[in-house]
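Shown next, in C-alpha cells, is the structure this report addresses.
The basis for the numbers below is simple: all heavy atoms, side chains too, and nothing from hydrogens, waters or symmetry mates. A, B, ... follow the sequence lines: proteins, then strands. Residue 1 opens every chain.
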There are 2 protein chains.
Amino acid sequence: MRLGETMLAEIFGVSRTRVREAMMKLEARGIVHVSARRGWFVVEPSADDARAAFHARKVIEAGMLMAVGTIPQPALAALRAHVREEEDIVRSGSVHDRTCALGDFHIHLADALSNPLLTEIIRDLTARTVLVSMLYQSVDDAASSNADHAAILDAMEAGRNAEAATLMAEHIGRVEGGLDLSTKPDPLAGLKEILSPAAAARPSVLTRSPS
Amino acid sequence: MRLGETMLAEIFGVSRTRVREAMMKLEARGIVHVSARRGWFVVEPSADDARAAFHARKVIEAGMLMAVGTIPQPALAALRAHVREEEDIVRSGSVHDRTCALGDFHIHLADALSNPLLTEIIRDLTARTVLVSMLYQSVDDAASSNADHAAILDAMEAGRNAEAATLMAEHIGRVEGGLDLSTKPDPLAGLKEILSPAAAARPSVLTRSPS
DNA sequence: TCCACCAATCTTGCATACAAGCGAATTGAG
DNA sequence: CTCAATTCGCTTGTATGCAAGATTGGTGGA
C-alpha cells in the first residue's frame with residue numbers, strides 16, 4: 001500500500017515538505033516506513049514483528065496492573081461505562097467501530113492507571129497490534145474480547161490486581177492466538193476499511209496523534 | 001540549552017533540511033523539543049515528567065523480568081561480564097563513562113530477555129531518566145547501582161525471576177530517590193559533559209539510534 | 001513467443017530561497 | 001535613572017527546484 005508524497009500533498013492541499021514531516025512522525029511511531037526512493041508504505045509486520053508487539057503489550061499492560069495500588073472509584077466507574085458501551089458496539093457496530101472500541105479500552109485503562117508516558121507507549125503498541133490483526137485475518141472474536149475486558153475490570157474492582165494482570169496477559173495471548181501467523185499476510189485485507197475516509201470521520205483514541 | 005539549526009548544519013556539514021529531520025526524530029523520542037520560531041532545546045523534564053519516566057521504567061522492566069521464563073546460559077554469562085566491566089568503570093571511570101555503563105546494563109538486559117521492540121522502548125526511557133539525573137543533580141551513587149545490578153543478576157541466575165523483578169523495581173526506585181525533585185533543575189548541570197564531542201567519540205547503546 | 005536489455009518517466013532525497021515571527025537592543029519619554 | 005515602546009536582526013517554517021535512483025514499459029533478438 002504505497003503512499004506517494006505528491007499524491008498526499010495534493011489530497012491534503014499542502015506541500016511535500018509537510019507531508020514528509022507527517023510521514024516521518026508516523027515512521028517514528030512504527031505506523032509507516034520508507035523504502036529508499038520508492039516511497040512510503042503502511043508497515044506490514046512480519047510474524048516475528050507481530051509476536052514482538054503482542055509480547056511487549058503483555059509485559060507492559062500486565063506490569064502496569066501489578067504495579068498499581070488501589071484504584072480510584074471514579075476511574076473504575078468510567079472504565080465500567082466504557083465496557084458497557086463496548087458491549088453495544090460489539091453487538092451492533094461495524095468491524096471498524098468494534099476494533100476501535102476494543103482498542104480504546106486498553107488505552108483508557110492505561111490513562112486511568114498510569115501516566116501519560118506509559119499511555120502513549122501503549123497507544124502506539126495497540127495501534128501496531130491492530131495493524132497486525134488487519135493483516136493476518138484475525139478471527140476477530142469481539143464478543144470474547146469484550147468478556148475478557150469485563151473480567152479484568154471485575155478483578156480490579158475486587159482489588160485483585162495480580163489476578164487482573166494474569167487475565168490481561170491471557171487476554172492479549174488470546175487475541176494473538178486468534179491470528180494465523182503461519183501464512184503470508186494479506187496486504188490489503190481490512191486496511192482499506194480502517195483507513196477509509198468514513199472511518200476518519202469517527203475518530204478514536206487509537207488514531208489520535210499524541211498531544 | 002539551545003540547538004540552532006544553522007549552527008548544527010555547519011558543524012555537521014549538511015543542510016538545515018537534514019538537521020530538521022534529525023531533530024524531529026529526536027523529538028519523537030522525547031530527547032529534544034521545539035519552541036515555535038525560537039529553536040530546538042534539549043528537554044528539561046519537570047519533576048512530574050521525571051516521576052512518570054521512572055514509573056514507566058519500573059513497570060516495564062519489572063514486568064519483563066516477571067514474564068520471562070528460563071534464561072539461556074550464554075545470555076546470563078554476557079550480562080555477568082557486563083556487570084564486572086561495570087564494576088571497573090565505576091571504580092576508575094569518568095562520570096560520563098559510569099553513567100553510560102550503568103545505563104547499558106538495562107538495555108543489554110532487555111536485549112537478552114525480550115524483543116527488539118521492548119528494547120527500543122527501554123532504551124528511550126533510560127535515555128530520558130539519564131537526562132533527568134543530569135538535570136536534578138543526582139547523588140550518583142554508582143557503586144550502589146552496580147551492586148543492585150549484581151543482585152538482580154544473582155536472582156536471575158538462581159531462577160528467582162519474581163525476586164529479580166522486585167529488586168529491579170527497588171533499584172529504579174533507589175535511583176529516583178537519589179534525585180532532588182523538589183528543587184528547580186539546574187539546566188546545564190552535567191549535560192555538557194554528556195553531550196561533549198569527547199563523549200560522542202565513545203558511543204554507547206544509550207546514544208545509539210535505533211536501527 | 002519469450003526473455004533480456006535499455007530508455008523514459010516518475011519518485012524520493014536534499015539543498016536552497018523566501019516569508020513570517022519572536023526577541024533583544026536601542027531610543028525616547030516621564 | 002527607569003521603564004516602555006518600537007524597530008531591526010536572527011531564527012525557524014514552508015515551498016520550490018534540481019539531481020540521483022528505481023520502476024516500468026517498450027523494443028530487439030533468439
Exercise. OP1 or OP2 of dA15(D) sitting under 4.0 Å from any side-chain N/O of Ser15(A)?
Worked result: yes
Exercise. Do any side-chain nitrogens or oxygens of Arg2(A) fall under 4.0 Å of OP1 or OP2 in dT12(C)?
Worked result: yes
Locate the shortest heavy-atom distance separating [X] from [Y]; write the atom from each residue and the value.
X	Y	answer
Val42(B)	Leu3(B)	CG2-CD1, 4.0 Å
Ala62(B)	Met168(B)	N-CG, 4.3 Å
Leu117(A)	Ala56(B)	CD2-CB, 4.4 Å

Could you tell me how far apart [X] ([atom1]) and [N] ([atom2]) are, to the nearest whole angstrom?
X	N	atom1	atom2	value
Glu21(B)	dT14(D)	CD	C1'	14 Å
Glu5(B)	dT16(C)	CD	P	15 Å
Glu27(A)	dT12(C)	CD	P	13 Å
Glu10(A)	dA15(D)	CD	P	14 Å
Phe41(B)	dG23(C)	CZ	C1'	11 Å
Met24(A)	dG13(C)	CE	C1'	10 Å
Met23(B)	dG13(D)	CE	P	12 Å
Arg18(A)	dG13(D)	CZ	C1'	9 Å

Problem set entry | Short N-O contact, Glu21(A) and Arg20(B), less than 4.0 angstrom | yes
Exercise. Hey, does Arg16(B) reach any base, or is it just sugar-phosphate, or nothing, if we go heavy atoms under 4.0 Å?
Worked result: base
Exercise. What is the nucleic acid contact for Val14(A), judged by heavy atoms within less than 4.0 Å: base, sugar-phosphate only, or nothing?
Worked result: nothing
Exercise. What do the steps show when you test Arg123(B) against His106(B) for side-chain hydrogen bond (donor to acceptor under 3.5 Å, both in side chains), and what is the final call?
Worked result: CA-CA 8 Å; Arg123(B) 186 202 307 280; His106(B) 293 266; over 6 Å; no
Exercise. Any N or O donor-acceptor pair linking the side chain of Arg37(A) to the base of dA20(D) at under 3.5 Å?
Worked result: yes
Seminar exercise, completed: Note: for Arg38(A) and Thr17(A) on DNA chain C, the residue whose nearest nucleotide lies more 5' is Arg38(A)
